[in-house]
There are 2 protein chains.
Amino acid sequence: MNLKDLARTLGLSPTTVSRALNGYPEVSAATRTRVSEAAKAHNYRPNTQAKRLATGRAMAIGHVIPISTRHEIVNPIFADFIAGAGEVYARAGYDMLLTIAPDDDEARAYREIRSKGNVDGIIVHGPKEADPRIPLLTELGLPFVVHGRATGATLPYSWLDVNNARAFERATEFLLDLGHRRIALVNGLEFMDFAIRRRRGYETALAARGIALDPALTTSGEMTEAQGAAAARAMRALPDPPTAFLTSSLLSAMGVRRVVEAAGLRIGRDVSIVTHDDDLGYLKNGDDEPIFTATRSSVRDAGRRAAKMLLALIESPDAAPRSELLEAVLLVGQSTGPAPALRADPTTLPSPTLPSASAPFSGEQG
Amino acid sequence: MNLKDLARTLGLSPTTVSRALNGYPEVSAATRTRVSEAAKAHNYRPNTQAKRLATGRAMAIGHVIPISTRHEIVNPIFADFIAGAGEVYARAGYDMLLTIAPDDDEARAYREIRSKGNVDGIIVHGPKEADPRIPLLTELGLPFVVHGRATGATLPYSWLDVNNARAFERATEFLLDLGHRRIALVNGLEFMDFAIRRRRGYETALAARGIALDPALTTSGEMTEAQGAAAARAMRALPDPPTAFLTSSLLSAMGVRRVVEAAGLRIGRDVSIVTHDDDLGYLKNGDDEPIFTATRSSVRDAGRRAAKMLLALIESPDAAPRSELLEAVLLVGQSTGPAPALRADPTTLPSPTLPSASAPFSGEQG
DNA sequence: GACTCGTTTCAAAGCGCTTTGGATGACCAA
DNA sequence: TTGGTCATCCAAAGCGCTTTGAAACGAGTC
């Protein structure tokens, strides 16, 4: 059943039927209801391809998943982000198009998407430092929103990001307030923008207290359980091991916890852990009360917001780039506690006033 | 630059240009090279929508991600599966279309996809017992391949599945051979087909040795770290606790491991763990040598194979349904060992011949 | 030289929709 | 009655491609 058929059965022209269904004013109320009832009765659905060709709008959003040819790892937050974005697209009548692009010919992938013309906009995932995709997409004139940001990008662009720097600064401050001085950072791969910002936040907090950065206490790598375990094992073997760990993912935190507990120590008493928590569906940090003290920010929610932003951008293409900075929430769980009595310097005791728990941070730029 | 423009610059008709580019024989070799060189030079790319409208082929595959309105959980294996499938689609010139469908109106979602006509086929994810989507899609006449199977489906359909029953039967046998008699099953949600089959395999192996099933030793639920931990905690508290755990995911296994180690016991000596390992990019079971003894089957590879199967199905729509049963590989890691000396019955000692390690199972139906 | 045949190219008709630019009445004011 | 204004509806021209049916042309055959 296509438009022409429907029009014929109604004794109307395709023009009128089309207008009736698409809410144009040049059609009487009576005809409109008659048409839309017939459409429902015959289960008519306009052919997407034809509509697209006629309107020039693809009614689809592209998501390009970068896959590192080296690690072959798919970012585990991706599924949740997509789920959030997908909700928004579905409501707005948009399709979601996925492309897997190995990172060695990303540019080609984006150019091809552009010239095939089957999406109206793109969400850029996993931005790296000075990411070349930003100038590329700007040049191509394809609306896009970056999930994250790219340090060192010169052109203005639309993005949605968690305030990673502030989150990690805050987490570090929290541990410092608890009296910790040897705080380890188990970070993601540091060519990724979010990891760069997290490290920056960590370093800022340390510097503010006049604590020297110890390179032996920081590592970066893929955020897996094994990474956390390996980092903890190596750092526990140091002459002056850390009393607290700051990790970039729940998986890493779980690895740290395992090694620490295997050494006969107790998390939250002997060793503290704070982790970032993307609040993924299948990787929950406890049910009601968090297990790990964590800076939490829902990736799913980020997906929803980024999608809305992109749709708005497509609606008004000449508007200035938008951006949204989400603040992570610091949730105090059972994995943190005062630093064990300090041998070296017994004067620096935990401050009596602990930071407030679940209040979002203030909204300054990160 | 569209076909007409290109034709004009070449001094040819659109017909000839189209034929030259699409490899039709009615064009001389000289013209063909001239055309394709011009196309490359002008970076011409045929408009997807127009092509689709003209040919009637959407050149896209739909993936429908079911989201439970109750749990709101996105299956973590999804990202890897998609990555595998996406490779194949990209090579074949197909797009990948994602739809998020809450499980309360799945039927509507599939009907809509069908009538909008923007995919040539569908991959069905997360089949449940007697899944209604199979008769629905058959009725709609849309080619589809199920990742998994649906126990109790009456119509023939195309599927690709891991031999879950055999894998878990084999894992159970392995533990039995090591002398374990109290073997716990930490399963996925048992309305999912794969979980039903896994339980069946487990029960088959126990029955074959005349071991009664103890309901207190089996649980099912979402496969998270917390699930594993909770199960281990509950079961360790039994008067006759299990000496071995069989889990459905690495995350669950990690939860079990944590609780067991926290009790001061050693994995592989005091308590054994075998898990199923989907070989996900971000959740590796060790690098070279596996940490957990596991039945392994790559989800990414499954994605590739399912995609190929669907494309073949689309090529020849009248062919009989296809199917592919993948056998998991049993990899012996450090998490299993002989059952601790049995108090009740010291005669049942571990058999001296251990099952062979990395050989795939035989290919019988599961 | 007329005819057939194969090769190479083209004009034009779709694919199913939107949208521009009327056409047709009905209604009212003058 | 005439002219103008609305409110409705429609014919036809695209959107950019494929594909059918036919034309043009040179070469081979008698």
Side-chain angles (χ1 to χ4, degrees), chain A residues 1-39 42-60 93-95 112-120, chain B residues 1-39 42-60 93-95 112-120:
Chain A
M1 170 64 68
N2 58 20
L3 218 183
K4 205 155 60 169
D5 296 342
L6 186 63
R8 197 173 18 237
T9 63
L10 279 163
L12 289 169
S13 77
T15 310
T16 307
V17 176
S18 170
R19 284 189 162 147
L21 293 175
N22 292 314
Y24 282 79
E26 309 93 330
V27 64
S28 72
T31 322
R32 190 187 303 281
T33 57
R34 200 161 69 90
V35 168
S36 51
E37 266 162 23
H42 292 79
N43 197 28
Y44 167 75
R45 200 100 24 167
N47 178 300
T48 319
Q49 328 302 349
K51 192 163 194 158
R52 283 174 177 168
L53 183 57
T55 57
R57 304 191 59 180
M59 291 306 281
Y94 276 76
D95 284 337
E112 194 161 313
I113 288 171
R114 165 75 230 210
S115 51
K116 291 212 304 180
N118 46 6
V119 300
D120 297 317
Chain B
M1 169 66 65
N2 58 20
L3 219 179
K4 205 155 59 169
D5 296 342
L6 186 63
R8 197 171 19 238
T9 62
L10 279 163
L12 288 170
S13 77
T15 311
T16 308
V17 176
S18 169
R19 286 189 162 145
L21 292 175
N22 292 315
Y24 283 79
E26 309 93 328
V27 64
S28 71
T31 323
R32 190 186 303 280
T33 56
R34 200 160 70 89
V35 168
S36 51
E37 266 162 22
H42 292 79
N43 197 27
Y44 166 75
R45 199 100 23 168
N47 178 300
T48 319
Q49 327 302 349
K51 191 164 195 157
R52 283 173 176 169
L53 183 57
T55 58
R57 304 191 59 181
M59 290 307 283
Y94 276 76
D95 283 337
E112 193 161 313
I113 287 172
R114 164 77 230 209
S115 52
K116 292 212 302 180
N118 47 6
V119 300
D120 297 317

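Letters go in sequence order (proteins before strands), and every chain restarts at 1.
- Between A:Arg45 atom CZ and C:dG16 atom C1' there is a gap of 16 Å when expressed in whole angstrom units.
- Using a distance-only test at 3.5 Å, with no hydrogens or angles considered, a donor-acceptor pair links the side chain of B:Thr55 to the main chain of B:Lys51.
- Between the side chain of B:Asp5 and the backbone N or O of B:Met1 there is no donor-acceptor pair closer than 3.5 Å.
- The CG-P distance, from A:Asp5 to C:dG16, rounds to 9 Å in whole Å.
- Taking atom CG of A:Asn2 as the reference point, atom P of C:dG14 lies 14 Å away to the nearest angstrom.
- Under a 3.5 Å cut-off, the side chain of B:Ser36 and the backbone N or O of B:Arg32 do form a donor-acceptor pair.
- One can place CG of A:Leu53 at 8 Å from C1' of D:dC17, the figure rounded to the nearest angstrom.
- Taking atom CG of residue A:Asn47 and atom P of nucleotide C:dT18, one finds them 10 Å apart after rounding to whole Å.
- Using a 4.0 Å heavy-atom distance criterion, A:Ser18 is classed as a base contact.
- Summarising the geometry, the separation between CG on A:Asn22 and P on C:dT19 is reported as 8 Å, rounded to the nearest angstrom.
- A donor-acceptor pair under 3.5 Å links the side-chain atoms of A:Asn47 to the main chain of A:Gln49, judged by distance alone.
- The CD atom of A:Gln49 sits 19 Å away from the P atom of D:dC15 (whole-angstrom rounding).
- For the side chain to side chain donor-acceptor pair (under 3.5 Å) criterion with B:Arg52, the lone passing option out of B:Asp120, B:Asn118, B:Asp95 is B:Asp95.
- Residue B:Tyr24 contributes atom OH, which lies 17 Å from atom P of C:dC10 at whole-angstrom precision.
- To the nearest 0.5 Å, atom NE2 of residue B:His42 and atom CG of residue B:Leu6 are 7.0 Å apart.
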Query - Where protein sits on nucleotides 4-12 of chain D, one letter per nucleotide: B base, S sugar-phosphate only, - none, heavy atoms under 4.0 Å - result: ----SBBBB
